[in-house]
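In what follows, chains carry the letters A, B, and so on, assigned in the order in which the sequence lines appear, proteins first and then strands, with residues in each chain numbered from 1. The figures here come from the full heavy-atom set of this structure, side chains too, leaving out hydrogens, waters and symmetry mates.
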2 protein chains.
Amino acid sequence: MTALKYSRQRESIKHYLMTTDKHPTADQVYMHVKQEFPNISLGTVYRNLNLLTDIGEAVKISTPDGGDRFDGRLEPHNHFLCTKCGRLLDLELDMKSIEEVNRLAAENFDGRITSSSTLFYGECSDCIKKS
Amino acid sequence: MTALKYSRQRESIKHYLMTTDKHPTADQVYMHVKQEFPNISLGTVYRNLNLLTDIGEAVKISTPDGGDRFDGRLEPHNHFLCTKCGRLLDLELDMKSIEEVNRLAAENFDGRITSSSTLFYGECSDCIKKS
DNA sequence: TTAAGTGCAAAGACTTTGCACCTAC
DNA sequence: GTAGGTGCAAAGTCTTTGCACTTAA
């Protein structure tokens, strides 16, 4: 049982995640928070990202390319990964649809589903324009 | 332009992926194929898993815990990750539902969605029994 | 005061790659 | 014969961790 203590670094990381839609990697978070805390270390960033994820104040998103991405948007939502440029975008799918999908999935499954996350693949509008 | 040449090692890897439902990691594939090819190297396994993935004969699944998992089942389907024991299971969701989800997602999105993969989280039946 | 957090650097886990040799075609 | 594949080991990338120091409470 370990009490959570305030830290300016953690607040800064959390604030960044909550105000960006970039789904940054740990390293991108590090680069950003470094502007405010030039001495912060990557280890601290990782520790805090994992801590925030554990207590439900951030979400970790795994993609098939490269390192994990982090998201400070906490409502259930889904993501789109552009297979051309690697950009990860929020993708709206209303709560009702998400619940419906979970319900459908649960029908023939004997475990307990608590959440789901869909990753859509394709080409983002920027990449479509360029081609 | 690089022509694909037959290799017994690659066939063995592919066969293993097609006949197991274990969603093995690269290392687990290595351990298995090693029984048939004692000298095979982990590098070869990775090279072939990536090759198979590239040509669409295997699917790479990223999860928030540990390394990527590989799947030889090619029809669109989804997965369930037990957050207790880490097991990754196939989870049925009929094609129509998948298409419906993709359609819903595409509605308010200006990119092009080509596929989707949903990862469900929760507790598997074995872990429920034990608790 | 003291448990929790930090910075740093070393270690770990996972994956890729260069190279000399081997094999399908 | 030769482009492609393999085994091996070294290198790369991403992440975690031990430790001495700092800080919130």
Between the protein and nucleotides 20-25 of chain D, list the N/O to N/O atom pairs that are separated by less than 3.5 angstrom.
{"from": "dA24(D)", "atom 1": "N3", "to": "Lys5(A)", "atom 2": "NZ", "distance (Å)": "3.3"}

| field | Rounded distance (Å) that lies between atom P of dC14(D) and atom CZ of Arg69(A) | value | 11 Å
| request: Tell me who clusters with Ile128(A), hydrophobic residues only, linked when side chains sit under 4.5 Å apart either directly or through other members. | output: none
| query | Closer than 4.0 Å, any side-chain N/O of Gln9(A) to the OP1 or OP2 of dG7(C)? | reply | yes
| request: Taking the side chain as every heavy atom from C-beta outward, state whether Cys124(B) and Leu89(B) have any atom pair closer than 4.5 Å. | output: yes
| message | What is the distance, to the nearest angstrom, from the CD1 atom on Ile55(A) to the C1' atom on dG5(C)? | response | 14 Å
| query | Within a strict 4.5 Å, meaning less than it, do heavy atoms of the Asp126(A) and Lys129(A) side chains meet? | reply | yes
| request: Starting at atom CG of Leu51(B), determine the distance to atom P of dA3(D), rounded to an integer number of angstrom. | output: 19 Å
| said: Using a 4.5 Å cut-off between side-chain heavy atoms of Ile, Leu, Val, Met, Phe, Trp and Tyr, which other residues end up in the same hydrophobic cluster as Ile61(B)? | reply: Val59(B), Leu74(B), Leu81(B), Leu88(B), Leu119(B), Tyr121(B)
Taking only nitrogen or oxygen atoms into account, show me every contact under 3.5 Å that the protein makes with nucleotides 15-17 of chain C, one pair per line with its distance.
{"from": "dT15(C)", "atom 1": "OP1", "to": "Asp68(B)", "atom 2": "N", "distance (Å)": "3.2"}
{"from": "dT15(C)", "atom 1": "OP2", "to": "Tyr46(B)", "atom 2": "OH", "distance (Å)": "2.3"}
{"from": "dT15(C)", "atom 1": "O5'", "to": "Tyr46(B)", "atom 2": "OH", "distance (Å)": "3.2"}
{"from": "dT16(C)", "atom 1": "OP2", "to": "Asn50(B)", "atom 2": "ND2", "distance (Å)": "2.7"}

| query | Would Thr118(B) and Thr118(A) count as having a side-chain donor-acceptor pair, cut-off 3.5 Å? | reply | yes
| query | Picking from Arg69(B), Arg87(B), His79(B), what satisfies side chain to side chain donor-acceptor pair (under 3.5 Å) with His23(B)? | reply | His79(B)
| said: In the structure I gave you, are the side-chain heavy atoms of Phe70(A) and Thr53(A) within less than 4.5 Å of one another anywhere? | reply: yes
| Ser12(B) side chain to Glu36(B) side chain, donor-acceptor N/O pair below 3.5 angstrom | yes
| query | Hey, is NZ on Lys22(A) packed in by over 12 heavy atoms from elsewhere, all under 6.0 Å? | reply | no
| task | Rounded to the nearest angstrom, tell me the gap between atom OH in Tyr30(B) and atom P in dC14(C). | result | 15 Å
| Which whole-number value in Å describes the distance from Gln28(B) CD to dA13(C) P? | 15 Å
| remark: Rounded to whole Å, CG of Leu49(A) lies from C1' of dT16(D) at a distance of 13 Å
| request: Mind checking which stems touch DNA chain D? I mean at least 3 consecutive Watson-Crick or G-U pairs, both distances under 3.5 Å. | output: C:1-25 with D:1-25
| task | Kindly write out the residues that satisfy salt bridge (charged side-chain N to carboxylate O under 4.0 Å, His left out) with Lys5(A), not counting sequence neighbours, or none if the list is empty. | result | none
| message | If you compare all heavy atoms of Phe80(A) against all heavy atoms of Leu91(A), which two are closest, and at what distance to 0.1 Å? | response | CB-CD1, 3.5 Å
| query | Can you tell me if the side-chain N/O atoms of Asn39(B) get under 4.0 Å from OP1 or OP2 in dC22(C)? | reply | no
